[in-house]
Amino acid sequence: MVPPSGTYQWGRVRASDLPGNTEKEAKKKQLPLLPYEKTSREQAERFLSRYSLTQMPGVCAGRPAAVQVRVYVHELPPWSQRKDESAKGSTKYQDLSWREVDTLK
C-alpha cells in the first residue's frame with residue numbers, strides 16, 4: 001500500500017528528501033531513522049548495488065571498481081484526478097553513495 005502523494009516512504013526515505021522538491025516540502029520536520037530502518041535501508045542499498053553488477057557485465061572490461069545506484073520515485077497524480085488524462089505525476093531521483101565492488105561480494 002502506498003501512502004497519499006508526497007508521503008511515499010521506502011523505509012523512511014521520503015520523496016520529500018529527494019532533489020527537486022518544493023520549499024514547503026523541505027521545511028517539513030524529518031524524523032530520524034529507527035535502528036531497524038537503518039539496517040533495512042543498508043541491506044536494500046547493498047542488494048541494489050550487487051544486483052546492478054549483474055546487469056552490466058561488460059562495463060569497465062568486466063572489472064568495475066565501484067558502483068552507484070540511482071533510485072527513482074514516481075508519484076502518481078492525486079486520486080481525485082484519476083480520470084483526467086492530462087493529469088501527470090512527478091518523478092524524482094536520489095543517487096546512492098558509491099560502493100566499492102570488493103565490499104559487495
Side-chain angles (χ1 to χ4, degrees):
M1 181 175 163
V2 176
S5 177
T7 60
Y8 175 76
Q9 295 183 0
W10 172 61
R12 294 236 184 139
V13 173
R14 295 174 193 86
S16 60
D17 295 339
L18 302 174
N21 287 314
T22 64
E23 189 175 321
K24 180 181 175 185
E25 290 174 338
K27 290 182 181 180
K28 290 181 182 177
K29 184 177 179 182
Q30 300 296 316
L31 297 175
L33 295 176
L34 298 173
Y36 76 90
E37 291 173 324
K38 288 179 185 177
T39 303
S40 177
R41 180 184 169 106
E42 176 64 29
Q43 289 173 345
E45 287 183 14
R46 185 175 174 82
F47 171 80
L48 290 170
S49 296
R50 290 180 70 189
Y51 178 75
S52 68
L53 286 173
T54 66
Q55 298 305 302
M56 299 187 68
V59 174
C60 299
R63 297 174 185 232
V67 65
Q68 182 182 35
V69 176
R70 177 174 280 181
V71 178
Y72 287 90
V73 175
H74 180 73
E75 294 182 0
L76 299 174
W79 183 255
S80 61
Q81 297 177 8
R82 67 187 177 276
K83 295 182 181 180
D84 182 2
E85 293 180 16
S86 65
K88 298 186 183 204
S90 62
T91 302
K92 298 173 182 143
Y93 68 91
Q94 178 181 20
D95 289 328
L96 302 180
S97 60
W98 283 93
R99 293 180 178 262
E100 292 187 23
V101 172
D102 296 339
T103 64
L104 297 173
K105 295 183 179 187

Enquirer: Check whether any side-chain N or O of Arg46 sits under 3.5 Å from a backbone N or O of Thr103 as a donor-acceptor pair, and report yes or no.
Expert: yes

Enquirer: If Ile, Leu, Val, Met, Phe, Trp and Tyr residues are connected whenever their side-chain heavy atoms lie under 4.5 Å apart, and connections chain through other members, are Phe47 and Leu104 in the same group?
Expert: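 Not linked; separate clusters.
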
Enquirer: Has Arg70 got more than 12 heavy atoms of other residues, nucleotides or ligands less than 6.0 Å from its CZ?
Expert: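 Yes - once you tally the heavy atoms of other residues, nucleotides and ligands closer than 6.0 Å, there are more than 12.
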
Enquirer: Search all heavy atoms of Gln68 against all heavy atoms of Asp95 and return the closest pair with its distance.
Expert: NE2-CB, 3.6 Å

Enquirer: Looking only at heavy atoms, which two atoms of Ser52 and Ser49 are closest? And how far apart?
Expert: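 Where Ser52 meets Ser49 most closely, the heavy atoms are OG-O, 2.7 Å.
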
Enquirer: Rounded at 0.5 Å granularity, tell me how far CG in Leu48 sits from CZ in Arg99.
Expert: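 Result: 9.5 Å between the selected atoms.
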
Enquirer: Of all heavy-atom pairs between Glu37 and Pro32, which one has the smallest distance, and what is that distance?
Expert: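 Looking at all heavy atoms of both residues, the closest pair is OE1-O, 4.4 Å.
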
Enquirer: Which heavy atom of Pro77 sits nearest to which heavy atom of Lys88, and what is that distance?
Expert: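 Nearest pair, atom of Pro77 first, then Lys88: CG-C, 3.8 Å.
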
Enquirer: Just do the side chain to side chain contact (heavy atoms under 4.5 Å, CB included) check on Arg41 and Glu45 with the steps written out, would you?
Expert: CA-CA 6 Å; Arg41 180 184 169 106; Glu45 287 183 14; 2.7 Å; yes

